[in-house]
2 protein chains.
Amino acid sequence: MKNSTPQPEDLSARIARAIRDAIVEGRLIVDERLPSEAELSEQFEVSRPTVREALKRLAAQSLIRTQRGASGGAFVNRLSFEDAHAQQITTSTLLLSMNDVRFDVACEARFALERACAPLSAQRRSADHLATMRAEIHRQGQPGLTDEAFCTSDVTFHRALVDGAGNPVLSYQLAGAVEAMQPLMNMITFTTRSREKVIALHQVIADAIAEQDGTAACAALTALEEETQALARKALAARAETQQQATG
Amino acid sequence: MKNSTPQPEDLSARIARAIRDAIVEGRLIVDERLPSEAELSEQFEVSRPTVREALKRLAAQSLIRTQRGASGGAFVNRLSFEDAHAQQITTSTLLLSMNDVRFDVACEARFALERACAPLSAQRRSADHLATMRAEIHRQGQPGLTDEAFCTSDVTFHRALVDGAGNPVLSYQLAGAVEAMQPLMNMITFTTRSREKVIALHQVIADAIAEQDGTAACAALTALEEETQALARKALAARAETQQQATG
DNA sequence: AGTTTTTCATTTGTCAGACATTTAAAAGTC
DNA sequence: GACTTTTAAATGTCTGACAAATGAAAAACT
């Protein structure tokens with residue numbers, strides 16, 4: 001009986017939904033101005049604060065932007081790849097951290113997706129992308145680099161690989177998978193030896209991309225995945241042992 | 001000089017950001033209750049409506065949920081895969097439609113990502129996933145099926161393929177790529193002949209997945225990509241011709 | 001006439017206070 | 001002890017107001 005009315009939606013939620021539907025269905029187009037808050041409150045027969053709450057909901061999703069002053073108002077926002085990118089990353093990050101997603105699951109997803117990009121990137125990467133990859137490899141070899149900085153560089157390297165495919169949709173979709181891994185990677189303590197292995201594989205990948213050899217890049221990515229998984233297992237085991245010492 | 005203060009963020013945006021950061025950085029954990037709106041307005045030294053606007057922003061991103069009554073309030077929400085899934089789809093759909101992303105770009109991304117799933121799906125798919133795929137193939141062969149229904153079935157088929165990989169992170173990341181294509185696919189008019197080709201390739205994919213042959217599934221996906229791209233080119237050309245007739 | 005300055009109306013941003021509604025816990029009753 | 005009633009706390013909503021930004025029209029000036 002409880003679920004007959006799951007959750008009578010708030011007025012502001014209903015209004016937000018109505019406007020969102022109008023945008024998604026194309027009844028409101030990009031840069032079109034919405035009625036003023038006063039007009040909206042008349043149309044929906046609610047108070048202005050309620051309308052405002054609805055508009056803030058939409059603003060939070062980058063669906064509208066607001067401007068003050070005469071001829072200001074709320075405008076349908078062109079959702080940019082940049083905005084979508086950022087949203088994707090925070091959503092993915094939270095998703096992984098809040099649901100206790102196992103490292104190996106996230107890692108598998110990440111490398112599977114990257115392998116999807118490798119062949120395209122091998123074909124199309126610009127000199128810039130390649131230069132970024134090589135620069136990051138160099139950075140990763142610097143002594144005295146913290147683990148966190150190493151991970152950040154790792155992400156930059158892989159993003160260059162993905163962006164090399166020259167497909168913005170692909171870059172957008174991959175953003176979450178690549179960047180959201182960083183907090184998980186930070187669990188790992190990278191020894192000098194393990195860094196050397198990772199860097200060597202990065203080198204193989206960069207070389208393969210340079211020679212437009214997608215197959216080789218995929219193979220190196222697979223090797224890197226196995227190496228990463230092994231490192232994570234080791235970190236996890238070490239952590240378990242520490243905990244056992246603490247409790248026992 | 002204009003960019004020195006790019007856009008003085010609203011109070012409600014600032015407060016939302018502060019709380020969001022607290023959640024992302026783990027200072028607020030799942031199911032933890034936030035201070036009441038009255039307390040928040042004191043802490044941030046703003047009025048309750050402003051606090052409420054901030055909370056609505058967070059609610060729009062499924063970061064919090066609110067409950068009325070005594071011992072009610074705003075609680076940090078566990079971002080579920082389901083919620084994230086839904087958000088991803090609407091974001092991806094809007095992104096594609098608002099930025100005039102070319103069909104071939106979106107299509108390329110979609111199939112590249114699906115090929116990343118195919119080997120995993122071939123290894124792990126359950127009987128259920130396979131049954132869904134076969135059922136959709138059968139549905140696609142039914143006469144009198146509208147183009148829209150055909151596309152819907154196509155999406156269901158491909159989602160089963162992706163879900164077969166048994167990696168929820170992968171399923172989540174792929175959701176946008178697969179589902180957001182549907183509006184684009186609906187441009188295409190499927191002739192009986194073209195449907196037959198698509199169905200035949202679906203059959204090849206399903207068989208490959210059944211026999212745990214990831215390589216064959218990938219090959220069939222590539223063939224399906226080429227077929228889809230060809231159909232889209234045809235639809236585009238036909239549209240261009242119609243327009244020329246209208247204007248000329 | 002042309003240009004600059006001022007005024008003004010519009011619109012969002014913010015605030016204060018009030019009431020309605022929901023809900024769980026406390027108090028009261030049998 | 002089990003049930004009912006009361007109560008307090010919290011969100012949901014409304015009204016009315018003022019502040020601040022901004023573009024356009026009006027006015028003033030050259």
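In what follows, chains are A, B, ... by sequence order, proteins preceding strands, each numbered from 1.
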Which residues pass the salt bridge (charged side-chain N to carboxylate O under 4.0 Å, His left out) test with [X], not counting sequence neighbours?
| X | answer |
| --- | --- |
| A:Arg20 | none |
| A:Glu37 | A:Arg48, A:Arg52 |
| A:Arg14 | none |
| A:Arg124 | B:Glu108 |

By nearest nucleotide on DNA chain D, pick out whichever of A:Ala70 and A:Ser12 is the more 5' one. A:Ser12
For B:Glu25, give me all partners under side chain to side chain contact (heavy atoms under 4.5 Å, CB included), at least two apart in sequence or on another chain.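 Partners of B:Glu25 by the side chain to side chain contact (heavy atoms under 4.5 Å, CB included) criterion, ordered by chain and then number, come out as B:Asp21, B:Arg27.
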Is it true that A:Arg139 and A:Glu136 have a side-chain N and a carboxylate O under 4.0 angstrom from each other? yes
Give the ring-plane orientation class for B:Tyr172 versus B:Phe81, where under 30° counts as parallel, over 60° as perpendicular and anything between as tilted. perpendicular
Under 30°, 30 to 60°, or over 60°: which ring-plane class applies to B:Phe150 and B:Phe190, parallel, tilted or perpendicular?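 If you compare the ring of B:Phe150 with that of B:Phe190, the planes turn out tilted.
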Below 4.0 Å from chain A heavy atoms, what is the first contacting nucleotide of DNA chain D and what is the last?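 Nucleotide range in contact with chain A: D:dG12 to D:dG23.
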[X] atom [atom1], over 12 foreign heavy atoms within 6.0 Å:
| X | atom1 | result |
| --- | --- | --- |
| A:Arg33 | CZ | yes |
| B:Glu148 | CD | no |
| B:Gln43 | CD | yes |

Would A:Thr132 and A:His129 count as having a side-chain donor-acceptor pair, cut-off 3.5 Å?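 No.
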A:Glu179-A:Thr93 side chain donor-acceptor pair, cut-off 3.5 Å: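 No, no side-chain donor-acceptor pair sits under 3.5 Å.
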Could you list the donor-acceptor pairs under 3.5 angstrom formed by side chains in residues 67-74 of chain B, with sequence neighbours left out?
none

Could you list by number each residue of residues 44-57 of chain B showing a heavy-atom separation from DNA chain C of less than 4.0 Å, or answer none if no residue does?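 When residues 44-57 of chain B is checked for heavy atoms under 4.0 Å from DNA chain C, the hits, listed by number, are B:Glu45, B:Val46, B:Ser47, B:Arg48, B:Thr50.
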Taking only residues two or more places apart in sequence or in another chain, which ones pass side-chain hydrogen bond (donor to acceptor under 3.5 Å, both in side chains) with A:Asp83? A:Ser80
I need the residues from residues 58-67 of chain B with at least one non-hydrogen atom less than 4.0 Å from DNA chain D; give them sorted by number, or say none. B:Thr66, B:Gln67
With the threshold set at under 4.0 Å for non-hydrogen atoms, list the residues of residues 31-38 of chain B touching DNA chain D in residue-number order. B:Arg33, B:Ser36, B:Glu37
Please list, in 5' to 3' order, the outermost nucleotides of DNA chain C lying under 4.0 Å from any heavy atom of chain B.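 Counting from the 5' end, contacts occupy C:dG13 to C:dA24.
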